[in-house]
A.B. asks: 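My structure is below; once you've seen it, I'll send some questions.
Counting convention: from 1, in listed order, for ligands and their atoms alike.
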Amino acid sequence: MFEYDALIIGAGGAGLYAALEAGKKGKTAVLSKLYPVRSHTGAAQGGIGAALGNVEEDRPDWHAFDTVKGGDYLTDQNAAILLAEDAVRAVYDLENKGLPFSRTVAGLIDQRKFGGHTRNFGEAPVRRSCYAADRTGHMILQTLYQQCLKNGVAFYNEFIVIDVLIHENKCGGVIALDLATGELHLFRAKAVLFATGGLGRMFRITSNAYANTGDGQAVLSRKGVPLEDMEFFQFHPTGMHGLGILITEGVRGEGGILRNARGERFMERYAPTLLDLAPRDMIARAIHTEIRKLRGIRGDGSVNDYVHLDAAHLGESVIGEKLPDIAEFSRTYLGIDPAEEPIPVQPTAHYAMGGIPTDLDGRVLFNARGHAFAGLYAAGECACVSVHGANRLGTNSLVELIVYGRRAGRHMGQFVAEADFPALAPDATGPAKNRMQKLKSEGDGAGGEELRKKMQDTMTASVGIYRNGEDMTQAVDTLQELRERYKEVRAVDQSKRFNTHVLEILELGNLLDLALISATCALKRTESRGAHARRDYPERKDGRWLKHTLAWLEADKVVLGDKPVDISRWKPKARTY
Ligand SMILES: Cc1cc2nc3c(=O)[nH]c(=O)nc-3n(C[C@H](O)[C@H](O)[C@H](O)COP(=O)(O)OP(=O)(O)OC[C@H]3O[C@@H](n4cnc5c(N)ncnc54)[C@H](O)[C@@H]3O)c2cc1C
């Protein structure tokens, strides 16, 4: 058994920042499925939104308003205001910690345009995204990891958390599988913070890494913690055709243009003011519509399934200096030089707006009345403090990591400085041990690959960019059936060390639970809002649906609830750009 005051699960931007802060007040360890600098934050390309005003006038309240409008008014406005105000301090703080931002000629942090970020409450695009070429997330990870090492945070890498210990309403630690040895370990703590990232792997075409399997959300939902707004999943408009690998919005921020098969700049039809810099949900739907109207470009000759992102006019030097990774990816994966040819793109499953509900200090909220388990925290993409509402604006996730990851870590630090170790339930490791034994026992079940494929196809076809009641009813039935069949899945590989088959099965179980919750929530919400676009209910209905969904698992049943949205500053309006 290991013992720490504060345990952080996940070594992405949110987890590392929280660890740095909690580590100031108590003995702190990070458990991570991956080596820290391989966390998915490292894939973030475009930048961090903060109203520094370095290249043109900007204000935090413009940023907060854009965030609320971008989220189709499902954003909690108190959380968005705090995000935008603290973003400025947070970016300078990262700079002071050593992050090598790209610079203006005058030596200030440079800023570029990004979708949905505007000046003066929607007048025109504004340059708000602070960036380090197109490697911003990579730089965040390197900076924060070095700071954690310097400040004595302990790391347990390739340790996979499979259970959380909650007893008498207090969180007292986790159970983790050490991939290298196959052993289970109990980590005891005064407080635990989940920062386990996203769940894009429930879809077939996704920008997300293989490790993004929603482990934290699933572990907690099985303990009766409600998940918030799980029906809202973002499809980024510009994934590489056929692969889903992301082409950052930074390409459009630098002036890239989307064109259909006729060469038309089709966003003129859908968002005449912001054009290619409209929010992601709108552009993803516009591409989908162009393709359905047979104005997409022919891929393998059988379907019209993509459009072009044209950046050639930016020229080789801008692309080389500001978008070097994008140029490299295009050459490597598509054999295309973006300085000469347009990039074939199609929407890709990208970001979970919903997740583990928290207050502004990262404390997990247990139910609609706001009661929290003592010592249980969450931050980053797996959490939902609700700054993104129904649709996240680009650059706002990285801000969330460094604003709310830091706040959660600070609160946790104060908490562990005063708290005692909570009691653990008798036989705290029992359920996890039984689960592992069952996975490795004899059984008829296959290895789970077929279930994973069916889940991804079902989610992509029926709970994707456009949705309708009939397809989602069918999807819920299919997912329930897949969860039943999952109970029989067994590991073919029986070895102890580096048994990645066991890991994949555990991850599949998490994804199946979350897919069922997401599909059930999406079916229930009979309106269209942000990324949740229903053909059978095309209108937003504030009277009935301006509320957050809560959902959790009780055995095989998804239980639903709701809670109010904070709309204390801006009243909902029609969302046009
Ligand atoms: C290609 C791409 C580009 C993006 N670009 C931008 C951008 O420019 N700007 C922006 O704001 N956002 C961007 N995003 C979104 C943003 O990068 C992510 O939302 C954010 O980095 C998530 O950070 P995180 O700390 O919450 O999680 P992650 O960085 O995903 O880290 C999760 C951590 O949890 C660990 N973990 C997971 N499960 C377990 C487990 N069971 N046990 C132990 N550890 C576990 C992992 O090892 C990892 O360390 C982008 C996303 C993608 C996919």
Side-chain angles (χ1 to χ4, degrees), residues 7-19 30-50 87 112 114-115 129-132 134-138 140-141 144-145 155-164 174-179 187 193-200 206-219 234 236 238-240 244-250 253 280 325-326 329 348-353 355-356 378-383 387-388 392-402 404-405 503 506-507 510:
L7 273 187
I8 312 287
I9 317 305
L16 292 177
Y17 217 134
V30 175
L31 273 68
S32 177
K33 184 157 83 168
L34 304 169
Y35 274 91
V37 291
R38 295 191 63 216
S39 301
H40 205 55
T41 296
Q45 301 163 350
I48 314 173
R112 62 181 162 211
F114 240 76
S129 170
C130 313
Y131 62 98
D134 52 1
R135 300 173 182 137
T136 314
H138 176 80
I140 290 179
L141 281 186
L144 292 177
Y145 185 47
F155 282 87
Y156 293 85
N157 301 329
E158 297 188 332
F159 274 63
I160 294 107
V161 169
I162 61 173
D163 200 6
V164 59
V174 297
I175 307 290
L177 168 71
D178 177 2
L179 194 62
F187 283 79
L193 182 145
F194 278 82
T196 47
L199 43 89
T206 176
S207 63
N208 281 206
Y210 283 97
N212 284 18
T213 50
D215 299 3
Q217 298 90 316
V219 163
Q234 177 167 84
H236 192 295
T238 58
M240 272 184 192
I245 296 170
L246 197 78
I247 300 291
T248 174
E249 200 166 311
R280 291 172 177 177
D325 273 4
I326 290 304
F329 292 171
T348 182
H350 186 60
Y351 186 87
M353 267 74 74
I356 305 157
E381 186 170 341
C382 73
V387 283
H388 309 306
R392 173 173 76 86
L393 291 189
T395 78
N396 269 355
S397 171
L398 294 184
V399 192
E400 182 187 8
L401 308 184
I402 58 176
Y404 284 105
L503 172 60
L506 292 168
E507 292 176 332
N510 294 335

A.B. asks: Verify the distance criterion only: is there a donor paired with an acceptor across the side chains of H40 and E381 at less than 3.5 Å?
C.D. replies: no
A.B. asks: Applying side chain to side chain donor-acceptor pair (under 3.5 Å), can you list everything that pairs with T395, at least two apart in sequence or on another chain?
C.D. replies: H117
A.B. asks: Of the non-hydrogen atoms in A379 and Y404, which two are nearest, and what is the gap between them?
C.D. replies: CB-O, 4.2 Å
A.B. asks: With sequence neighbours excluded, what pairs up with E507 under the salt bridge (Lys or Arg N to Asp or Glu O under 4.0 Å) test?
C.D. replies: K33
A.B. asks: Any idea which heavy atoms bring S39 and L141 closest together, and the distance?
C.D. replies: O-CD1, 3.5 Å
A.B. asks: Can you tell me which residues line ligand 1 if we count any heavy atom under 4.0 angstrom from one of its atoms, in chain and number order?
C.D. replies: I9, G10, A11, G12, G13, A14, L31, S32, K33, L34, S39, H40, T41, A43, A44, Q45, G46, G47, F159, I160, V161, A195, T196, G197, S207, N208, D215, L246, H350, Y351, G380, E381, R392, T395, N396, S397, L398, L401
A.B. asks: Sequence neighbours excluded, which residues qualify as salt bridge (Lys or Arg N to Asp or Glu O under 4.0 Å) partners of D178?
C.D. replies: none
